[in-house]
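Shown next, in structure tokens, is the structure this report addresses.
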Protein chains: 2
Amino acid sequence: MNDELLQVLRRPPQERADAARNRTRLLEAAARLFAEGGVEALTVDAAARAAGVGKGTVFRRFGDKSGLVAALLDQRERELQEAIIFGEPPLGPGAPARERALAFFDAYLGYLADHLDLVRLSETAAPGARFRIGAYAFWHRHLAILCAHRPDPDHLAHLLLGTVAADLNAELLRQGLGWDRIRAGVASTVDALVGPSSPEAP
Amino acid sequence: MNDELLQVLRRPPQERADAARNRTRLLEAAARLFAEGGVEALTVDAAARAAGVGKGTVFRRFGDKSGLVAALLDQRERELQEAIIFGEPPLGPGAPARERALAFFDAYLGYLADHLDLVRLSETAAPGARFRIGAYAFWHRHLAILCAHRPDPDHLAHLLLGTVAADLNAELLRQGLGWDRIRAGVASTVDALVGPSSPEAP
DNA sequence: AGCCTAACCGGACTTGAGTCCGCTTGTCTA
DNA sequence: TAGACAAGCGGACTCAAGTCCGGTTAGGCT
């Protein structure tokens with residue numbers, strides 16, 4: 001499937017040339033700021049200044065700080081999403097629900113470990129921000145489908161995603177748990193909750 | 001057991017008279033502001049002004065906004081904590097771990113439903129605030145003890161508490177789930193995770 | 001090519017959390 | 001009762017997110 005096509009599907013209303021240029025500049029500037037000074041250096045003012053645009057532009061383009069950071073993570077998220085839709089089992093279609101769920105959480109924890117600070121920033125920038133990020137809805141739907149055989153898939157999917165909340169996992173690391181222990185705990189939890197799956201899944 | 005004694009145990013270094021008076025004034029003012037204008041009216045500046053103290057005093061007394069709000073909730077939390085330590089089973093000691101855990105989450109969801117806005121405010125005032133609130137450590141230890149028969153009680157207790165995070169449940173309500181559905185989902189999740197318990201618990 | 005307008009731009013402004021530090025006061029001791 | 005000093009006080013200050021609005025411009029249309 002064509003990258004360009006996917007991109008178009010994702011952003012239907014075409015953007016004016018200057019707007020697109022500023023989006024790119026902002027993302028580059030934000031990435032640079034983060035690379036150089038970590039999460040603390042990544043303020044909206046600094047990103048706007050470094051990109052040579054006004055602050056208002058950032059908010060028009062990305063909604064809020066959380067949206068700017070989410071856009072930075074977009075590429076990696078998209079890779080995971082595509083692996084889920086089009087990839088090989090067990091992450092992609094074809095494996096039993098339980099295996100797919102386990103594969104998803106394993107992959108997601110890899111993503112989280114690689115980008116914990118940014119994910120945390122985008123999830124905690126404002127109350128409820130986590131649930132407004134586009135990707136959250138995707139993960140949620142995916143899991144709800146995998147839990148279709150359980151009583152309340154919608155709710156259960158939210159609870160499952162709670163296990164990989166960035167703020168929680170940052171705290172677990174701070175308390176000295178390592179990623180191995182986190183992985184094991186999440187796996188066993190997912191296993192218990194998704195439970196014995198029907199032989200095949202969508 | 002004597003209330004005063006409990007209080008002393010909880011706050012060993014005695015407070016200067018003016019400090020105690022200002023604490024009371026601040027809590028009263030904050031409660032009033034919240035009662036009148038909801039969560040939006042409850043800013044640190046407003047509370048300080050209404051209490052007739054300086055802003056610095058609020059931060060010295062309560063650490064941050066999250067701490068001020070947590071102090072407002074302290075009374076209700078303490079009731080629940082005492083019921084867990086000294087109360088009747090299944091909430092108090094004597095019932096099997098699974099029943100105690102279920103009773104805890106049922107009681108906690110009642111508390112959460114009554115005070116959702118305040119709990120959410122105190123949990124989301126800053127990244128990681130949730131885990132710094134004194135009560136969180138209490139709930140966590142309680143659950144970890146109840147999960148002692150499972151592989152990683154410490155981690156599991158954190159994941160269980162994730163199901164009652166205020167921000168998540170506020171979102172669930174916003175999406176149209178009711179408390180009944182939330183209760184049922186949490187109960188079935190806790191049941192699956194705490195699992196068949198050893199016959200008695202501490 | 002020239003016009004029209006919706007979209008975009010940017011930076012000053014508002015708001016609220018959290019810090020700082022010189023001044024004040026409660027409390028303990030003699 | 002008086003003196004010493006740790007604890008407490010408060011409000012001006014800093015810092016960052018998010019809003020607003022008058023001016024500008026890309027790009028479609030004629």
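Residue numbering restarts at 1 for every chain, and letters A, B, ... go by the order of the sequence lines.
Protein atom CZ of B/R25 is 12 Å distant from nucleotide atom C1' of D/dC9, rounded to whole Å. The distance between atom CD of B/E15 and atom P of C/dT25, rounded to the nearest whole Å, is 18 Å. For the pair B/D18 CG and C/dT25 C1', the interatomic distance rounds to 7 Å; values are reported in whole Å. Straight-line distance from the CZ atom of A/F59 to the P atom of D/dG18: 5 Å, rounded to whole Å. With rounding to whole Å, A/R61 atom CZ is found 16 Å from D/dG18 atom C1'. Taking atom NZ on A/K55 and atom P on D/dA17, their separation rounds to 7 Å, with Å as the unit. Spacing between atom CG of A/L42 and atom P of D/dC15 amounts to 17 Å, rounded to whole angstrom units. As rounded to whole Å, 11 Å separates atom P of C/dT25 from atom CZ of B/R21.
Salt-bridge formation is detected for the pair B/R174/B/E171: a Lys NZ or Arg NE/NH1/NH2 atom is positioned less than 4.0 Å from an Asp or Glu carboxylate oxygen.
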>> Is there a side chain to side chain donor-acceptor pair (under 3.5 Å) between A/H158 and B/Q175? Walk through the geometry before answering.
In response: CA-CA 11 Å; A/H158 283 295; B/Q175 288 187 11; 3.3 Å; yes
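Annotation for A/E79: atom CD counts as buried by contact number, over 12 foreign heavy atoms lying within 6.0 Å.
For the pair A/F62 and A/L27, the minimum side-chain heavy-atom distance is below 4.5 Å.
Note on A/R49: nothing from the nucleic acid sits closer than 4.0 angstrom, heavy atoms only.
Of the residues in residues 62-69 of chain B, those with a non-hydrogen atom less than 4.0 angstrom from any atom of DNA chain C are B/D64, B/K65.
Between D/dC9 and B/R60, a contact under 4.0 Å exists linking OP1 or OP2 to a side-chain N or O. The shortest distance between the side-chain N/O atoms of B/N22 and the OP1/OP2 oxygens of D/dG8 is not below 4.0 Å. Applying the 4.0 Å criterion to OP1 and OP2 of D/dT25, one finds that A/R16 has every side-chain N and O outside that range. Side-chain N/O atoms of A/T57 include one lying less than 4.0 angstrom from OP1 or OP2 on C/dG10.
Mapping B/A126 and A/V53 onto DNA chain C via the closest heavy atom, the residue that lands nearer the 5' end is A/V53.
Ring-plane geometry between A/H142 and A/F138 is classed as parallel, the angle between the planes falling under 30 degrees on a 0 to 90 degree scale with a further cut at 60. Classification of the A/Y108-A/F104 ring pair by plane angle, with boundaries at 30° and 60°, yields tilted.
At distances below 3.5 Å, not a single donor-acceptor pair connects side-chain atoms of A/R98 with backbone N or O atoms of A/V194.
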